[in-house]
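Structure record follows, encoded as structure tokens.
Sequence lines set the chain letters: A, B, ... in the order given, protein chains first and strands last, and positions in each chain run from 1. Computed from a prediction, not measured in an experiment: that's the story for all the values here. The basis for the numbers below is simple: all heavy atoms, side chains too, and nothing from hydrogens, waters or symmetry mates.
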Amino acid sequence: MAEDHVLKILNESTPHKNRPGARRDGGAKQTAGEHRAGGAKSSAARVDALWVSRTGDVFMIGCADDRARELSQIRLVGRNCSQTLERGELGRWLTSDQKEAGEKYLAGVWAIASLGSEAAKEERWRVEFVFAEGADVAVEVAGRPCAAQELNERLSEFLATFSRGDCKTPERSERLDRLLKSGRAEPPPFPRHNIEAIVLAEEGGVFIVGWIDDTLDPLSEIRLSGPGWRVAFTGDALGRTAREDVQSSIKSIKRHAFGFWGFASASGFKRSVDKCRIDLTTKAGALQRLEASFGIVDGLELRNLVLGFLGSCRYLGNPYLEAIASVAKSIGRNVIDLNTRITRDIVAHPYIERFGRRRAALKGSIVVCLYGKPEYLFLQNALFAGGAGIDDYEFVYVSNSPELAERLLRDARICTRTHDLDLTLVLLPGNAGFGAANNVAVKHARSDRVLIVNPDVFPYDPDWAAKHSTIVDELPNAQTQLFGAPLYYDDGSLMHAGLYFDADVGISLVDGEFKAETYLRVEHFAKGAPPMSSRFLHSRPVPGVTGAFISCDRKWFEKLGGFSEDYVFGHYEDADLCLRSLESGVAPWIHDVKLWHLEGKGSTRPPTLEGAMTVNRWFFNKQWAAKVAPSLLGQRPNHPLLRAEVDAESRRSVQPRKPDRAFDRSTRDIPAPGFSESHYAEIVFGGEEAP
Amino acid sequence: LTSAAVVTNGRARLSPEPAPKRRDAIAKSLRVLLISLFHPELVRGGAQQACYELFCGLKERTDIEPYLLASIDESAPALFKSGARITGFDRRPSEFLFLSRDYDYLWHKATNPLLIESFIEFLELVQPEVIHFHHFLTLGVDLISIARRTLPEARIIFTFHEFLAVCAADGQMVRRADKSLCDEASSVRCHQCFPEHAPEFFFLKEAWMKKHLSAVDAFTAPSRFMIDLYAKWGIDRAKLHHIANGQADHARGAPPLEQRERRNRFGFFGQLVDNKGVYIILEAVDHLRTAGFRDFVVEINGDNLRYASEARRKEIEAFLEREAQLPPQERNVVMNGSYHISQLASRMARVDWCIVPSVWWESFGLVISEAWMFKRPVIASNIGGMKERITDGVDGLHFTVGDPRALAEVMKRAATEEGLCDQLVAGIKPPMSRDEMAAQFFEMYRI
């Protein structure tokens, strides 16, 4: 489960301004674990909302039926601060239930407290209702952070809704007076800003981009409210970017990341209107309310828009580090979440067609993921066909390019007539990425061994397949559970003879301060080495092997859970798989079955891919940086499993480790109120009407 | 074959039909299928002409039963019968058209499965014992592998007419940037000619070509220098054989070169595309006139100027326009336009010399054979097939390739040096005849 969210989701618990006291779905009962503090039976008590301003003022609305036993105190208890409110400090109000029932008894209770700046840091509160005779009730509730000005507005709105007699102010009203007085004070000026775009996908999420000159008063929160939904981004959850155009336009001397952007992944947005309300708040409490139109796209477009934007961002400091930092707090997880939902949809609807003569006894299934370049199907067929032992293998091609479907079917037909390989084509209706596509292809493989092969990989020797079969048949099981091979560039030099991990410390200068971050780097043994460098060609365990070629016992692949599907489009899945294998007790090996790998065409990466790379880099490091160091770093890591002489069987004592999911997917597609965590500040459905 | 004759569902395997039984006398003959780039009746060109000459030569033999499968492309839309992929041709026995469509010029691959199915069925119906490819362009180099798979016992011969398997620049081995001659392909060198393709593309393309060419039993090329280049590229030299292009003797009955005081009439025969170098002649003409030498005439026979590069086309058109403005007696260049082979004798009768100024290697140079048929000595670029076939000072003259001044000097010498032409005419040996070529190929088919 994710643990690095900036803020937790809060559920809508604001009494409707026109219907004070109305109990709302998703109120405190979802987030509060109500329990009895005392043993005696007590009257019902609840908390509908609890706002906490940045300055430490608290405004609580709830209900406590004290007709049987008088409510004597309410205690507000946070982790680091608390306050007891005596009966004279409590206000009362007429709840809608009682009003409808024609009762005059004021069961509702409200209070103002001032706990100081520590209160603003509290996330959860324990509200203890102390009744006479010790029949206490304690309610756990999440506090809703807000600016001082907003707290005042909430309070004023609350009080304004009551008729005479329906609401009673506390007997001791100093705090209330102070607050209302301060609320009338001139709020601090809101910094110059602009919301440049809001884009929403009903089943995808919401993306916002703009700029703000918050050099003096930092942006603390952006709330978007639409028809039946609300999303809030805390300042920390936003990515910040350099905007030279803004810097120049506002004639600011100070270098500052004026740009901001945020992305929240969720489903169930309504598009009945194309406008939403935006509330921007600064740390000093300045509030700006705007109304803006939003664009509507589908989830796929939204993902690509977000990735493209991320890939084209400029930063003040080291772009590599700053890009990762911008997604680390919140955006990265949200992108992965949306991408995962897209991927799931895609792999759920494959079209499968089998070609050629079915071989009865197969030694392996060569699984190839195609993307964008259909010619690799016929090229691989031509160049693998005819080699000794190749008839013991089937080919399973999975295509991430739906636009190529017809061409691939046609070419597969021709290949069958030309080479008669055992060929299965799995066509996906979208780009599911490398990991998910290979995983679904493996499901359609018919042998006990899967060979994950890139489309630009070709046999170096004609008898490649026979050599591979010999290795699998004759070497100890522990050496063949998962292995790679030496790969060669087209220029004849070595391209790969295993992966190893290295760590880079990057320094970024932002706001006059150096930030140092350490990130893992995945490197290839032997890149560019002379072709017959014996030190790279002999069989040996290595920290990892490239996904361009992985031969894996199918059961082991499945026990490991296949490739992680959290990486967007593809990158790091190979290292991730190998690290999980290592963690589960099986080291990847390199065996000398040479292949060509025509890696690296020198083509430019589009911003979408660049953005995906940033998210993947962040996620891979988050997953593995701590685990890789120190036993797996460098070309000669001291990890015990990477010593060839270690008894192979001793490596098998650990249960296979499946990929950590970025979050609990069972809850990810639930748009309704009530899910407990997310990756933006707040998202609420079914809330206020559209502005 | 029409659509009715082919399988509509390509996934269903065809059950091979037995070859039609022939009468005993013919049944003993060798069934040979020639596969040609284009039919020369429809699209003119050296490769198809050579193939068709062979087809005609084989037809005259009683020990061979030849078939011809010639491709056509969309340039002859009227011949594309609806739903058909292979058809007959103009009621000619044993001649068929391969209706090429959706051809992948990048990989030289057939992309239409139905066309492949039709080809397979055609092979199964004809059951050739020898399949002789004269090209893969517009057909697909993968047809070689398909032929091998369909008829594993058939002997597959491939004749190279240029370097298309090696060179993506139309198989000419002329570098695109500076038009210099190229004598070795490599991933990086080819990438330099086609920067839009990475070196890896050429690595793969070579592997793709060689994979399919590996199904060939024997290769032939009309020039020895081609054999050297293909061997250097990686074709087993033992499989490479030299067989010159033979032709029917179109000069039969033509009068010998008439006695004239001066041998100052030059002829160009061929296509007006860049690599044939007709612009070299026009520039040489300018040089000669500038130098005050005007007592000569150049007759240009050929067409397809539209296939020349825009720059060359404009240059040639401008020259001819200027020439047309001159009084008739001052004109040195005459444009005769295209000609049919039956007109060759009359065109040759108007010239004393033939000029072959090609700026590419010329794999053979059929025009040299045609000139020799009519006993016309050839002035040619000193490279490739031209250099190999013409011995300077014995049966023709060389000039430095691409150099109009050098050509101008040779032309002036040819037009003015008394006895030179007759001396060279005496040195001309008859070119390879069609029958001789057919006989040589017959020997290759039977190995």
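- Among D104(B), T150(B), I146(B), the residue making the largest number of heavy-atom pairs under 4.5 Å with chain A is I146(B).
- Of the atoms belonging to T111(B), heavy atoms from both backbone and side chain fall under 4.5 Å from chain A.
- For NZ of K594(A), the number of neighbouring non-hydrogen atoms (other residues, nucleotides, ligands) closer than 6.0 Å is greater than 12.
- No side-chain heavy atom of D142(B) sits under 4.5 Å from any side-chain heavy atom of H419(A).
- With a 4.5 Å cut-off on side-chain heavy atoms, F202(B) and D490(A) do not count as touching.
- Interface remark: N112(B) contributes backbone atoms only to the contact with chain A (heavy atom separation under 4.5 Å).
- Checked against ring-ring contact (aromatic ring centres under 6.0 Å, His included), H161(B) has the following partners two or more places apart in sequence or in another chain: H134(B).
- For a residue to count as touching a neighbouring chain, one of its non-hydrogen atoms must lie under 4.5 Å from one of that chain's; by this rule K109(B) touches chain A with the side chain only.
- Heavy atoms only, all atoms of each residue included: R149(B) and T418(A) are closest at CD-O, 3.2 Å.
- Between atom OG of residue S145(B) and atom CG of residue N381(A) there is a gap of 11.5 Å, rounded to the nearest 0.5 Å.
- Using a 4.5 Å heavy-atom threshold, the side chains of P199(B) and D491(A) count as separate.
- Side-chain contact between D456(A) and E200(B) is absent, with no heavy-atom pair separated by less than 4.5 Å.
- The distance from the CG atom of L106(B) to the CD atom of E375(A) is 7.5 Å, given to the nearest 0.5 Å.
- Within 6.0 Å of the OH atom in Y393(A), the count of heavy atoms belonging to other residues, nucleotides or ligands exceeds 12.
- Looking at W596(A) and L204(B), their side chains never come closer than 4.5 Å, going by heavy atoms from C-beta outward.
- Of the two parts of A110(B), only the backbone, made up of N, CA, C and O, holds a non-hydrogen atom closer than 4.5 Å to a non-hydrogen atom of chain A.
- Here the closest heavy-atom approach between residue A382(A) and residue K211(B) is recorded as O-CE, 2.6 Å.
- Ring planes of W208(B) and F378(A): tilted class, angle from 30 to 60°.
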List the atom pairs, with distances to 0.1 Å, where a side-chain N or O of residues 188-196 of chain B and a protein N or O form a donor-acceptor pair under 3.5 Å, not counting sequence neighbours.
residue, atom, partner, partner atom, Å
R189(B), NE, E184(B), O, 2.8
H191(B), ND1, H197(B), O, 2.6
Q192(B), OE1, R175(B), NH2, 2.8

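- Heavy-atom neighbours of E153(B) CD from other residues, nucleotides or ligands within 6.0 Å: at or below the threshold of 12.
- Rounding to the nearest 0.5 Å gives a distance of 8.5 Å between CZ of F203(B) and CZ of F458(A).
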